[in-house]
A.B. asks: 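First the structure, which I've put down as structure tokens, then a few questions once you've had a look.
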2 protein chains.
Amino acid sequence: MRADAQRNYARLLAVAEEEIALNGADASLEQIARVAGVGSGTVRRHFPNRHALLAAVFRDRVENLCAHARERVGRPDTRAALLEWLSAVTTSAATIRGLAMALNRDKAADAEHGHCATTQLAEAGEPLVRQAAEVLAPGVTITDLIALITGIALATEDHPDPAAEANRLLGLAVTGLSPLDGRIRRPEPASGAS
Amino acid sequence: MRADAQRNYARLLAVAEEEIALNGADASLEQIARVAGVGSGTVRRHFPNRHALLAAVFRDRVENLCAHARERVGRPDTRAALLEWLSAVTTSAATIRGLAMALNRDKAADAEHGHCATTQLAEAGEPLVRQAAEVLAPGVTITDLIALITGIALATEDHPDPAAEANRLLGLAVTGLSPLDGRIRRPEPASGAS
DNA sequence: TGCTAAACGGCGGGGGTCTCCGTATCGTAC
DNA sequence: GTACGATACGGAGACCCCCGCCGTTTAGCA
């Protein structure tokens, strides 16, 4: 890769990050080119489509989350290990503008490209789910959890405090919105009352 | 309202519904105008912005859901009443293309316009939540439930069977992904096994 | 220092949104 | 039945964006 290409690539990545933080996942590519001081063709050469740009911008963040997951595998308290990681993912997805949408989108383009962000996250988180299977509701997969998290992040996008709200909703989903179900009982059957 | 205006309004609504079903919430307004056989100005006169169009297109659906909620108020099994309604909302949000996104977007523009779809839904569903408070996790509000549902619907948008998947995720969130929490216990501690 | 492949920039086509205004049409009053 | 005013219509124009393409510049090597 030529030196000027490297420069432009780095510069574009930095500008894109800012621009996406400012205007969300569908920030203007032209605008990014303009701010970076390069032609629009250069953007498209480095990143053939928006998906590629998003993937590149969020790569580090996603890898951090993956690492975060890996270092939690094998912990004695499997439930806490999983929940902490889920909370971390939720916080990132809710805080970093555009990340949730990026994750949501590439689920669609997942089949073709192979190693998208969601797949990476899923692979990294799967061991945590497996080792916590005992304390998980039957049928829960890592894919479900990621879907739920990205959904929550999308839904809390324009909340005053997205991270807090998203984590609160995640907590509710984890312990159950209405856990009573025959299989699972409430703490006190509360004799009588309405 | 003049007769031709009424005709165009109805026609636009019908075309918009199809077009949104086909291309999602950000279907082209120009395209809608073209298919309806009117000028683009006419679209923008009847619906100043995309939000207004979406609101109009989904008005009936949302009102149905509201009615659905109202007729469930007062039922003996408050939990079932609420859960059935939540499931109905989830199915609609997941099935009707663009609805989830519309619900998600107008939460933002809610403050200014006053009576958006989400507010309507919230007002209609609130009694169901109140009367089921006993069997709900503490702190759960109707707003939370709607946020969660729209999130789930957004996240399952491009699944082969969105309604089924969305309802499954909703079910998991209702009974709890990992209900064990001190307050709530699992059915069988499952002696041994993997 | 010269050459070549790689990277650059920006033009042109297609499409979308939004505003505005001249014109056609409806509904009514006579 | 006609004439008129209000109302709605249609589309042109300005602006932005995405995308593909190609002539030109430049980095890196011999």
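Residue numbering restarts at 1 for every chain, and letters A, B, ... go by the order of the sequence lines.
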A.B. asks: Heavy atoms only: give me the nearest B:Asp144-B:Gly139 pair and the separation to one decimal.
C.D. replies: OD2-O, 3.3 Å
A.B. asks: Starting at CG of A:Asn8 and ending at C1' of C:dA6, how long is that distance when rounded to a whole Å?
C.D. replies: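 After rounding, the reported distance stands at 13 Å.
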A.B. asks: Hey, are A:Arg61 and A:Glu17 close enough for a salt bridge, meaning a charged N less than 4.0 Å from a carboxylate O?
C.D. replies: yes
A.B. asks: Among C:dA6, C:dT17, C:dC8, which nucleotide sits nearest the side chain of A:Arg2?
C.D. replies: C:dA6
A.B. asks: Is the closest basic N to carboxylate O distance between A:Arg50 and A:Asp26 below 4.0 Å?
C.D. replies: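 No, this pair does not count.
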A.B. asks: Would you please test A:Asn167 and A:Thr90 for side chain to side chain donor-acceptor pair (under 3.5 Å) and show each step?
C.D. replies: CA-CA 6 Å; A:Asn167 272 294; A:Thr90 302; 4.6 Å; no
A.B. asks: Calculate the interatomic distance between A:His46 atom NE2 and C:dC8 atom C1'; express it in whole Å.
C.D. replies: 9 Å
A.B. asks: Taking NZ, NE, NH1 and NH2 as the nitrogens, is one of them in A:Asp77 or A:Arg79 under 4.0 Å from a carboxylate oxygen of the other?
C.D. replies: no
A.B. asks: Check the distance between C:dC8's C1' and A:Asp4's CG and give it to me in whole angstrom.
C.D. replies: 8 Å
A.B. asks: Grab the CZ-P distance between A:Arg11 and C:dA7 for me, whole Å please.
C.D. replies: 19 Å
A.B. asks: Between B:Asp106 and B:Thr118, do the side chains contain a donor N or O and an acceptor N or O under 3.5 Å apart?
C.D. replies: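 Yes - a donor-acceptor pair under 3.5 Å links their side chains.
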A.B. asks: Measure the distance from CG on B:Leu53 to P on C:dG16 and round it to the nearest whole Å.
C.D. replies: 15 Å
A.B. asks: Sequence neighbours excluded and cut-off under 3.5 Å, please list the side-chain donor-acceptor pairs for residues 69-76 of chain A, or say none.
C.D. replies:
{"residue": "A:Arg72", "atom": "NE", "partner": "A:Glu84", "partner atom": "OE1", "Å": "3.0"}
{"residue": "A:Arg72", "atom": "NH1", "partner": "A:His68", "partner atom": "NE2", "Å": "3.3"}
{"residue": "A:Arg72", "atom": "NH2", "partner": "A:Glu84", "partner atom": "OE1", "Å": "2.6"}

A.B. asks: First contact, last contact: which nucleotides of DNA chain D are these for chain A, 5' to 3', heavy-atom distance under 4.0 Å?
C.D. replies: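 Span of nucleotides near chain A: D:dC17 to D:dG28.
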A.B. asks: For A:Arg7, report the nucleic acid contact type (base, sugar-phosphate, nothing); a contact means any heavy atom under 4.0 Å.
C.D. replies: nothing
A.B. asks: For B:Ala3 and B:Leu29, take the nucleotide of DNA chain C holding the closest heavy atom to each; which residue's nucleotide lies nearer the 5' end?
C.D. replies: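 Checking each residue's closest nucleotide, the 5'-ward one belongs to B:Leu29.
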A.B. asks: Expressed as a whole number of angstroms, how long is the span from A:Met1:CE to C:dC8:C1'?
C.D. replies: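 The answer, rounded to whole Å, is 13 Å.
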A.B. asks: Could you tell me the separation between the CZ atom of B:Arg34 and the P atom of C:dG14, rounded to a whole number of Å?
C.D. replies: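 Going from B:Arg34 (CZ) to C:dG14 (P), I get 13 Å.
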A.B. asks: Just how far, in rounded Å, is P of C:dA7 from CG of A:Leu12?
C.D. replies: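 So the CG-P distance, A:Leu12 to C:dA7, works out to 14 Å.
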A.B. asks: Distance check: side-chain N/O of A:Thr42 vs OP1/OP2 of C:dG9, anything under 4.0 Å?
C.D. replies: yes
A.B. asks: With a non-hydrogen cut-off below 4.0 angstrom, is B:Arg45 in contact with a base, only sugar-phosphate, or nothing?
C.D. replies: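 Answer is base: heavy atoms of B:Arg45 come under 4.0 Å of a base.
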